[in-house]
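One structure below.
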Amino acid sequence: MSSFEATNHYFRKAAAIMQLSPSIVEHFQTPQREVKVGLTLEMDNGDVRTFHGFRVQHDNSRGPYKGGLRYHPHVDPDEVKSLASLMTWKTAVIDVPFGGAKGGITVDPKTLSPAEVERLTRVFVDKIHDVIGPQQDIPAPDVNTGAQHMAWIYDQYSKLHGHSPGVVTGKPVELYGSLGREAATGRGVAIATVEALRMQGKDIKGATVALQGFGNVGSFAARFLVDAGAVVTAIGDHTGAVRNVHGLDVGKALAHVRKTGGIKGFDGGDALKSADLMLLESVDVLVPAALGGVITRDNARDIRASVIVEGANGPTTPEADAILDERGVLQVPDIYANAGGVTVSYFEWVQNLQQFTWTEDEVNEKLKAKMIRGFETIWKVATEKKVSLRTAAFLVAIGRVGKARVLRGLS
Ligand code: NAD
């Protein structure tokens, strides 16, 4: 099942509980705008190449469209559509005043020089500048894009529309970015984990955690979990996995990854087969923070953790979701668990509009409050309606978006 079908599956499950009419279901499954542009570029060697760029704007009932831009050879319209709708539900569940969008360019940026990537980014802005903007649609980094790309977009858009730092988030801190943005998703995952355990009457202190993925999300989540008292007993990435039942030194693991490019060979624990990381005994919390579709019907029955906190987007297939629910494993869904990033993106946008900067402590405090409130909201709905946290998150999100749309009038 593709990520598009998976998102629609969860959406339809919640829509059925809400008894949404088929016409409203169709409305929410149809993006408000899909833009496809040709991007023709002169390469460094004088050749001319044309790339395809996309921007899908799913829904703006609650505010300007919001969502990342990815540069990847597999970017296709279907995938972008699914990710755009996920953003609509994510911004609604964490309650930031945005809608949902996603975009990207079908390109392997590793095959381009930095100057070519910059020109490609600027051509993309030239082609979509009239459908993005601080009050219209606010892109952000995603796979293979980062703060530098956002700086180029801000610059190119501002040449056409005047000084507009609020047109993108995830900018460098030196250029209207927000303190705390880099760590925000991992920080949010750690807060979600603490809340999930607390609601189950368990303490984060001494809880054992295994993380798949030790990049931006996984490594910050690991650090904040250890700060909160958890014991990180296993870490895996694309190079391998390492385990130490007494706890891995996250700082040393990170230094090893920075030096060697991966966790493989880290001598703070024993080597482990990557696939076994998710099936370890004596692990309380599993944090998938790498790829989508890694928890499937083939391994869901063998996962021993009692809590799964989804740092990655779409790590669990619908078949696995059903198996885990049936087994009583608490799944903290991606649309809530990894929403810390978009929350601090919202804070960045607010600071840009106010032309005022907040301290890192202010950002972190406000993020914590949003994450805790978000958890309490979905937990309450899950308890009242006797549904999973995932279904509860979709119920909350669809309810909020639907209410805003009805108040504004259908369009
Ligand atoms: P990243 O590129 O910084 O890190 C990815 C990690 O996954 C790396 O440690 C990499 O080694 C590991 N990995 C890759 N292939 C793997 C494999 N086959 N097996 C095991 N590990 C593998 O990416 P990130 O920003 O940390 O994002 C991770 C996930 O979180 C993605 O699903 C992303 O969509 C999602 N996410 C990220 C953010 C954010 O703010 N960065 C926000 C929301 C969701």
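Indexing begins at 1, ligand by ligand and atom by atom, following the structure's order.
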Inspect the contact between Arg119 and Asp44 and indicate whether a charged nitrogen and a carboxylate oxygen are less than 4.0 angstrom apart.
-> yes
Do the side chains of Pro172 and Tyr154 get nearer than 4.5 Å, heavy atoms only?
-> no
Do Gly236 and ligand 1 have an N or O pair less than 3.5 Å apart?
-> no
Is Glu195 salt-bridged to Arg198, cutoff N-O under 4.0 Å?
-> yes
Trp349 ring center near Phe98 ring center (under 6.0 Å) = yes
Nearest neighbour in protein (non-hydrogen) for atom 37 (C) of ligand 1 = Val217 CG2, 3.4 Å
Which residue owns the protein heavy atom closest to atom 33 (C) of ligand 1, what's the atom, and how far is it?
-> Asn313 ND2, 4.1 Å
Do Asp325 and Gln331 get their side chains close enough for a donor-acceptor pair, meaning under 3.5 Å?
-> yes
Pairing of Asp267 and Lys252 as salt bridge, 4.0 angstrom limit | no
Does Gly218, backbone or side chain, put an N or O under 3.5 Å from an N or O of ligand 1?
-> no
Shortest protein heavy-atom distance from atom 22 (C) of ligand 1, along with the residue and atom involved = His238 N, 3.4 Å
Basic-acidic side-chain contact under 4.0 Å: Glu310, Arg390 | yes
Non-hydrogen atoms of Ser274 versus ligand 1: any pair closer than 4.0 Å?
-> no
Is Asp155 salt-bridged to Arg122, going by a charged N under 4.0 Å from an acidic O?
-> yes
Provide, to 0.1 Å, the distance between atom 21 (N) of ligand 1 and the closest protein heavy atom, together with that atom's residue and name.
-> Asp237 C, 3.1 Å
For ligand 1, is Gly341 a contact, meaning one of its heavy atoms is under 4.0 Å away?
-> no
Note the single closest protein heavy atom to atom 9 (O) of ligand 1, along with its residue, its atom name and the distance in Å.
-> Phe214 N, 2.9 Å
For ligand 1, is there an N or O atom under 3.5 Å from any N or O atom of Lys90?
-> no
Look at atom 3 (O) of ligand 1 and find which of Asn338, Asp142, Asn216, Leu83 reaches it with the closest heavy atom.
-> Asn216
Contact (N/O only, under 3.5 Å) between Thr185 and ligand 1 | yes
Indicate yes or no: at least one non-hydrogen side-chain atom of Asn352 is less than 4.5 angstrom from one of Pro134.
-> no
Ring centres under 6.0 angstrom apart (Trp152, Phe124) | no
What is the closest protein heavy atom to atom 18 (N) of ligand 1, and at what distance does it sit?
-> Leu291 CD1, 3.4 Å
Pairs meeting criterion salt bridge (charged side-chain N to carboxylate O under 4.0 Å, His left out) with involvement of residues 126-144, two or more places apart = Arg55-Asp137, Arg70-Asp142, Lys102-Asp142
Can you tell which part of Ala289 has a heavy atom less than 4.0 Å from ligand 1: side chain, backbone, both or neither?
-> backbone
For atom 27 (O) of ligand 1, state whether the nearest protein heavy atom is under 4.0 Å away.
-> yes
Can you tell me which residue and heavy atom of the protein come closest to atom 32 (O) of ligand 1, and the distance to 0.1 Å?
-> Ala290 O, 3.0 Å
Protein residue, atom and distance nearest to atom 6 (C) of ligand 1, heavy-atom basis = Gly215 N, 3.8 Å
